[in-house]
Undergrad: 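Next up is a structure, given as structure tokens.
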Amino acid sequence: MAILCDNEIIGELIFKEIIPGESVTIGISLKQAKYKDHGYGTEAEKLAVGYAFKKLGVKTVLADTILTNTRSQHVLEKVGFVETSRDDMFIYYQIQR
């Protein structure tokens, strides 16, 4: 899905690893740094979670981020995701309906 601002595509949000009725993993990417710190990622994540629960009918939404991406970690936690585990490279999150 495209993330739009004033009809310009500023990023993308993907749904992957969909297990119908159970879970989906989401990922987000903004095109340029100038679009960060304006709430676009947070709003996109909130909309994605709502879509996953209401339209996809899943019980759990999963996400991950590399250890050094503190901005992404902050956004996930602000939206309501909780950390479930971590390894040498990633932190894994989930939010339940």
Side-chain angles (χ1 to χ4, degrees):
M1 298 183 146
I3 301 171
L4 299 172
C5 179
D6 298 324
N7 293 323
E8 177 185 353
I9 296 174
I10 64 167
E12 68 177 354
L13 191 134
I14 61 169
F15 293 88
K16 55 187 178 180
E17 301 171 13
I18 300 170
I19 302 172
E22 292 300 320
S23 65
V24 64
T25 301
I26 62 172
I28 187 171
S29 171
L30 295 178
K31 251 173 44 165
Q32 298 174 8
K34 71 180 183 178
Y35 299 118
K36 297 178 182 177
D37 296 323
H38 296 286
Y40 301 126
T42 301
E43 186 63 21
E45 294 264 2
K46 286 179 184 176
L47 291 170
V49 168
Y51 181 87
F53 289 148
K54 292 175 189 164
K55 298 293 184 184
L56 298 179
V58 298
K59 298 174 188 168
T60 305
V61 179
L62 306 166
D64 58 63
T65 180
I66 60 172
L67 288 172
T68 57
N69 192 343
T70 57
R71 177 181 276 130
S72 179
Q73 294 159 24
H74 174 73
V75 169
L76 289 168
E77 291 166 5
K78 188 161 63 167
V79 170
F81 282 83
V82 293
E83 181 181 333
T84 58
S85 65
R86 59 176 67 204
D87 59 27
D88 292 340
M89 295 190 62
F90 292 94
I91 301 175
Y92 302 92
Y93 292 89
Q94 75 175 19
I95 189 170
Q96 304 231 339
R97 181 170 37 179

Undergrad: Determine whether Met1 and Glu12 make a side-chain contact, defined as any pair of heavy atoms from C-beta on separated by less than 4.5 Å.
TA: no
Undergrad: For Glu77, give me all partners under side-chain hydrogen bond (donor to acceptor under 3.5 Å, both in side chains), at least two apart in sequence or on another chain.
TA: Tyr93
Undergrad: Do you know the tightest heavy-atom contact between Gln94 and Leu62?
TA: CB-CD2, 3.6 Å
Undergrad: Answer whether the closest heavy-atom distance between the side chains of Glu45 and Leu76 falls below 4.5 Å.
TA: yes
Undergrad: Over all heavy atoms of both residues, which pair between Phe53 and Val58 is shortest? Give the atoms and the distance, please.
TA: CD2-O, 3.3 Å
Undergrad: Rounded at 0.5 Å granularity, tell me how far CD1 in Ile3 sits from CD in Glu8.
TA: 12.5 Å
Undergrad: Testing the basics here: between Cys5 and Tyr40, what is the closest heavy-atom pair and its distance to 0.1 Å?
TA: SG-OH, 3.4 Å
Undergrad: Is there a donor-acceptor pair under 3.5 Å between the side chain of Gln73 and the backbone N or O of Leu67?
TA: yes
Undergrad: If you round to the nearest 0.5 Å, how far is CG of Asp64 from CZ of Arg86?
TA: 12.5 Å
Undergrad: Write down the atom of Val24, the atom of Ala52, and the distance for their closest heavy-atom approach.
TA: CG1-CB, 3.8 Å
Undergrad: In Å, rounded to the nearest 0.5 Å, how long is the span from OG of Ser72 to CD1 of Ile66?
TA: 8.5 Å
Undergrad: To the nearest 0.5 Å, what is the distance between CZ (Arg97) and OG (Ser23)?
TA: 11.5 Å
Undergrad: Are Leu4 and Ile9 close enough that some pair of their side-chain heavy atoms sits under 4.5 Å apart?
TA: yes
Undergrad: For Lys59, look at atom NZ and say whether over 12 heavy atoms of other residues, nucleotides or ligands are found less than 6.0 Å away.
TA: no
Undergrad: Could you walk me through whether Val75 and Phe81 pass the side-chain contact (heavy atoms from CB on, under 4.5 Å) check?
TA: CA-CA 9 Å; Val75 169; Phe81 282 83; over 6 Å; no
Undergrad: Ala44 and Ile28: which non-hydrogen atoms are nearest, and at how many Å?
TA: CB-CD1, 3.7 Å
Undergrad: When Tyr92 is tested against each of Thr84, Asp87, Thr25 for side-chain hydrogen bond (donor to acceptor under 3.5 Å, both in side chains), which residue passes?
TA: Asp87
Undergrad: Is any side-chain heavy atom of Asp37 closer than 4.5 Å to a side-chain heavy atom of Arg71?
TA: yes
Undergrad: Under the side-chain contact (heavy atoms from CB on, under 4.5 Å) criterion, do Leu47 and Leu13 qualify, and how do the steps go?
TA: CA-CA 10 Å; Leu47 291 170; Leu13 191 134; over 6 Å; no
Undergrad: Mind checking whether Thr70 and His74 have side chains closer than 4.5 Å, heavy atoms only?
TA: no
